[in-house]
Amino acid sequence: VQLQASGGGLVQAGDSLRLSCAGSGRTFRNDAMGWFRQAPGKEREFVAAIDWNGSNRYYADSVKGRFTISRNRTKNTVYLQMTSLKPEDTAVYYCAADQDYRPFYRSGATLPATYDYWGQGTLVTVSS
């Protein structure tokens, strides 16, 4: 069972990137999915999350209006479209899956402990 994050890279401030997270080994179509990030010397922080059918999406205040989370259940993939990138967005970005079929509220979505599976991370570097 694996989550494979991809799409990171080196960009300039103001640019856009789209991260992808593809699941394999089991279906993630009914899982809530989240993106977290960890900058050097800092704790892992919540970025965005989406419930199993996309009806509820949550964002960190720092990325609201710039990032969009989406998913393709048929492809077992979740995306993070990032626009107007800032140097402070520089981090390793991780995707995660919550396999418990239950109401997915923001209070739980923001907690790493909610998630059962984690990808390996993809590095996003934003230069000023």
(request) Verify, without hydrogens or angle tests, whether Tyr58 (side chain) and Ser107 (backbone) share a donor-acceptor contact under 3.5 angstrom. (result) no
(request) Verify the cluster assignment for Met33 and Tyr117: are they in a single hydrophobic cluster under the rule of side-chain heavy atoms below 4.5 Å apart? (result) yes
(message) Within the 4.5 Å heavy-atom criterion, are Gln81 and Ser16 side-chain neighbours or not?
(response) yes
(message) Using modelled atom types and a 3.5 Å cut-off, is there a donor and acceptor pairing between side-chain atoms of Arg37 and backbone atoms of Tyr93?
(response) no
(request) Flag the pair Tyr79 / Arg71 as yes when at least one side-chain heavy-atom distance between them is below 4.5 Å, and no otherwise. (result) no
(request) Is it possible for you to say whether Val126 and Leu19 belong to one hydrophobic cluster, with membership spreading through side-chain heavy-atom contacts below 4.5 Å? (result) yes
(message) With side chain to side chain contact (heavy atoms under 4.5 Å, CB included) as the criterion, how do Val47 and Phe67 come out once you've worked through the C-alpha distance, each side chain's angles and the decisive distance to 0.1 Å?
(response) CA-CA 9 Å; Val47 176; Phe67 291 11; 3.7 Å; yes
(request) Please examine the side chains of Val11 and Thr125, heavy atoms only from C-beta on, and report whether any two atoms are closer than 4.5 Å. (result) no
(request) Let me see the working for Asp98 and Asp31 under side chain to side chain contact (heavy atoms under 4.5 Å, CB included), right down to the final yes or no. (result) CA-CA 5 Å; Asp98 171 19; Asp31 292 11; 5.6 Å; no
(request) Following the transitive rule for hydrophobic clusters with a side-chain heavy-atom cut-off under 4.5 Å over Ile, Leu, Val, Met, Phe, Trp and Tyr, establish whether Tyr94 and Leu85 coincide in one cluster. (result) no
(message) Whether the side chain of Asp116 engages the backbone of Gln99 through a donor-acceptor N/O pair (distance < 3.5 Å, no angle test) should be reported.
(response) yes
(request) Output yes when a side-chain donor or acceptor of Tyr115 lies under 3.5 Å from a complementary backbone atom of Ala109, and no otherwise. (result) yes
(request) To the nearest 0.5 angstrom, please state how far the CG atom of Asp15 sits from the CG atom of Asp89. (result) 11.5 Å
(request) Calculate, to the nearest 0.5 Å, the distance between atoms OG and CZ belonging to Ser20 and Arg18 respectively. (result) 4.5 Å
(request) Kindly say whether Ser84 contributes a backbone atom to a donor-acceptor pair with the side chain of Arg66 at under 3.5 angstrom? (result) yes
(request) Mark yes or no: Arg102 above the aromatic ring of Trp52, with NZ or CZ under 6.0 Å from the six-membered ring centre and no more than 45 degrees from the axis. (result) no
(message) Against the six-membered ring of Phe36, is Arg44 placed for a cation-pi contact (under 6.0 Å from the centre, within 45° of the normal)?
(response) no
(request) Answer yes when Lys64 and Asp61 have at least one side-chain N-carboxylate O distance shorter than 4.0 Å, and no when they do not. (result) yes
(message) Testing the basics here: between Leu123 and Ala91, what is the closest heavy-atom pair and its distance to 0.1 Å?
(response) CD1-O, 3.6 Å
(request) Starting at CZ of Arg29, measure out to OG1 of Thr77 and round the result to the nearest 0.5 Å. (result) 12.0 Å
(message) Is there a path of hydrophobic side-chain contacts, each under 4.5 Å between heavy atoms of I/L/V/M/F/W/Y residues, joining Trp35 to Ile50?
(response) yes
(message) Strictly distance-based, threshold 3.5 Å: is any side-chain N or O of Asn72 a donor or acceptor partner for the main-chain N or O of Thr74?
(response) yes
(message) Donor-acceptor pair, distance only, cut-off 3.5 Å: does the side chain of Gln120 make one with the backbone of Ala5?
(response) yes
(request) Using a strict cut-off of less than 4.0 Å between a Lys/Arg side-chain nitrogen and an Asp/Glu carboxylate oxygen, indicate whether Arg57 and Asp51 qualify as a salt bridge. (result) no
(message) If we ignore hydrogens and angles and just use 3.5 Å, is the side chain of Thr110 paired with the main-chain N or O of Gly108 as donor and acceptor?
(response) no
(message) Under a 3.5 Å distance rule, please check whether Thr122 uses its side chain to pair with a backbone N or O of Gly8 as donor and acceptor.
(response) yes
(request) Assess Arg26 against Phe28: is NZ or CZ under 6.0 Å from the centre of the six-membered ring, and within 45 degrees of the ring's axis? (result) yes
(message) Applying a strict under-4.5 Å side-chain criterion to I, L, V, M, F, W and Y, I'd like to know whether Leu80 and Trp118 cluster together.
(response) no
(message) Can you tell me which residue among Thr90, Leu10, Leu17 is in a side chain to side chain contact (heavy atoms under 4.5 Å, CB included) with Val124?
(response) Leu17
